[in-house]
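Working notes, beginning with the structure itself.
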Number of protein chains: 2
Amino acid sequence: MLNPLHLRTLTAVLNAGSFAAAARRLGYTASAVSQQIAALERAVRMPLFERGAQTITPTPAARYLVSRAYDVLAALDALEEDVRGMSEGTIGRLRLGSFPTASQRLLPIALASYAGTHPSVETVLDEGEPDELIPLLRAGELDLALVYRYDPVPRAWPRDLQEIGLLEEELLLLLPGGHSLAAAETVALDDLKQETWVSTREGTAGASCLRRLCAPAGYEPRVDYRSNDYGVIRGLVRSGLGVALVPALAHVPSQGVVTARLSGVEARRRIAAVHRGTNPAVTGAVWSLCQAAARLAAELPSVRTSSATPTKSGA
Amino acid sequence: MLNPLHLRTLTAVLNAGSFAAAARRLGYTASAVSQQIAALERAVRMPLFERGAQTITPTPAARYLVSRAYDVLAALDALEEDVRGMSEGTIGRLRLGSFPTASQRLLPIALASYAGTHPSVETVLDEGEPDELIPLLRAGELDLALVYRYDPVPRAWPRDLQEIGLLEEELLLLLPGGHSLAAAETVALDDLKQETWVSTREGTAGASCLRRLCAPAGYEPRVDYRSNDYGVIRGLVRSGLGVALVPALAHVPSQGVVTARLSGVEARRRIAAVHRGTNPAVTGAVWSLCQAAARLAAELPSVRTSSATPTKSGA
DNA sequence: TGTAACATGCTACGCATGGATCGGGCAGCC
DNA sequence: GGCTGCCCGATCCATGCGTAGCATGTTACA
């Protein structure tokens, strides 16, 4: 196979006019250039230069070779450049998975800054719950997934995935405006034994979390209404159909609904970014997510960033 | 610089599905493939495969690399293929120089067969006398030149040029139809002392040749009319304005002009192909010229091929 | 003096060989 | 059914050998 380095040297020789000049330009010795040209002449089975004592004149074959070699070298250089950008995460594709709350509150902030710093990364977004996203991540169909985990409901990701903690949000109690506890700053779960509840659907981590929180208080919450849409849950609470426990980020203040903090329990939802570490673009995306998390934590008192501070040098 | 061989191996691995299968296809050992992929991964600073025990799954980076590598490899392969054709003389450009007689009688036959066997060679033709063509040949502006040389007028080409003899043609005496010697088969130059001559222009080899042939007979030919166009010469002879000595190929039988052979002297014009040996396309062209020369020699009694018989394996 | 070609020695790359490791498939057993 | 041990294919690693590729020094030429 023709050696691209030889082709490059050949073009340098034609541009420079002599082996020695080309050698100086390329950082070779004149002998090395001479040997490369000789090797190239053997490869193409044609003389490429008419040798004089102090002068060389390229044959038409050499000129033809150079004209054609340009395409090859340009393609190789372009590929190399793109590969470099890809390895640095500045170009490429980032396939992102996220659950609804994060898609609404965290992702817009993160993606805005990410798009600014990585304009050439094509970002595609898949919506889904953690249980749906993790398999996609392992199958290589996602590069990065935003997932959540309730402290009372232990949950571990497969070992081949890496987790970066982003946010820890309190679980807020949602009460109808006219509720007898509406004025309280904090409420104990003990005081809610008689309540009817609005919760996420059976089988979800949110539903399990509620059950496990009430268990120490000695009762099973009576759930009359279920929805996975926090907007729907908020509406049901506002109508006085029950109380609810929702993550802080999932709640937007609205008339007719008051919030209270739980007393006596540490109930949090943790939001994390999970990836497999093969796509360099995730490094920058994680950094943007950490920044966005920090902004949210600064704005909302019931939200705080997880352990690590954002660092630019990811794994 | 990215190694094209590594890129080729990478594509083979993705097509084959495993290192071992790709190795079998490429004629490598599995270890060699593994090492090439490892080297490529170092070069692009990205993992290209997720390794399992018996299975590998390419990363998106690998797929991207393959899709881009195709262009590079295709360009390299195409270049290599064209270079191969060029070195074999089947493609490329042949710059040909020729003098008028050869352009009319020899070249059409030769180029017809050459175009058939080398359809991808672009042929360009320059018209000129040997003294004009030789410098062009040495300057690299011509690849092959058809030249002539009169036996009585020694002429040598520069040593860096190679000559392939093609034809030897007799010099024929042209007489007006009503000339007193018109019925003779052969004529001695001694009998032409009183004639007026039509010849090529002063300074041409043809004019020198005539003078040198007459010298042994003890006279200087009286040239009243000169033209380098043999058609014009023939017309002047037909009109009875003189006699002429023309190469056999330059003469086409026509009414009012009779030809006679010279007796007592060996006067021939030799037609040869001259080249510098840098362009592989000349080999095929020379072969076609030899063939055409053979055809002409078979048709015309006063023309015979030079020394060598046409061989396909030129220098 | 400058340039190219040649001869020599050294370095590094590239491949093959052989062995180690990993993980899945399979049979047999509790 | 589930567990255990074995086998097998595939990759990775260490080693050795051959060779390509470059530098150095020298020669030849104008």
Side-chain angles (χ1 to χ4, degrees), chain A residues 1-59 61-62 76 138-140 158-160 276 278, chain B residues 1-59 61-62 73 76 80 138 140 158-160 278:
Chain A
M1 167 140 36
L2 290 179
N3 190 332
L5 282 172
H6 292 175
L7 295 178
R8 175 162 297 174
T9 299
L10 176 67
T11 67
V13 169
L14 260 80
N15 287 332
S18 80
F19 289 5
R24 283 191 291 272
R25 178 180 309 180
L26 295 171
Y28 289 141
T29 62
S31 177
V33 172
S34 175
Q35 291 176 69
Q36 286 198 25
I37 297 299
L40 192 54
E41 285 177 325
R42 284 194 302 273
V44 304
R45 312 176 69 86
M46 282 185 291
L48 297 174
F49 293 94
E50 307 265 337
R51 266 80 165 180
Q54 303 189 44
T55 169
I56 53 172
T57 53
T59 65
L76 245 178
R138 300 192 71 189
R159 265 187 315 153
D160 56 345
R276 260 199 329 173
T278 71
Chain B
M1 167 141 33
L2 289 180
N3 189 333
L5 281 174
H6 292 175
L7 294 178
R8 173 162 299 172
T9 299
L10 177 66
T11 67
V13 169
L14 261 79
N15 288 332
S18 79
F19 288 8
R24 282 190 293 272
R25 177 179 309 179
L26 295 173
Y28 288 142
T29 62
S31 178
V33 172
S34 174
Q35 291 175 69
Q36 285 197 25
I37 298 298
L40 192 54
E41 285 177 324
R42 284 195 300 273
V44 304
R45 313 178 69 85
M46 281 185 291
L48 296 175
F49 293 94
E50 307 263 338
R51 268 80 164 180
Q54 303 189 43
T55 169
I56 53 170
T57 54
T59 63
L73 294 176
L76 245 178
E80 237 166 305
R138 301 193 72 191
R159 266 186 314 151
D160 56 346
T278 70

Sugar-phosphate only, base, or nothing, as touched by Thr55(B) at under 4.0 Å among non-hydrogen atoms: nothing

Contact summary for Ala61(A) and Pro47(A), nearest pair of heavy atoms: CB-O, 4.3 Å

Ser18(A) to Ile56(A) - nearest heavy-atom pair and separation: CA-CD1, 3.8 Å

Thr57(A) side chain to Glu50(A) side chain, donor-acceptor N/O pair below 3.5 angstrom: no

DNA chain D contacts among residues 19-43 of chain B, heavy-atom distance under 4.0 Å: Phe19(B), Ala20(B), Ser31(B), Ser34(B)

Pro4(A) versus Leu76(B), closest heavy-atom pair with distance: CG-CD1, 4.5 Å

Test item: Thr9(A) and Leu40(A) side chains (from C-beta on) under 4.5 Å apart, heavy atoms: no

Spacing of Phe49(A) atom CZ relative to dT3(C) atom C1', expressed in whole Å: 14 Å

Over all atoms of both residues, closest heavy-atom pair of Leu5(B) and Asn3(B): N-OD1, 2.9 Å

Pairwise side-chain contact, Gln36(B) with Val13(B), heavy-atom cut-off 4.5 Å (strictly under): no

Bounds of contact between DNA chain D and chain A, in 5' to 3' order, using a heavy-atom cut-off under 4.0 Å: dG21(D) to dA30(D)

Heavy atoms from other residues, nucleotides or ligands near CZ of Arg25(A) exceed 12 (cutoff 6.0 Å): yes

Short side-chain N/O contact to dG14(C) OP1/OP2 from Asn3(B), under 4.0 Å: yes

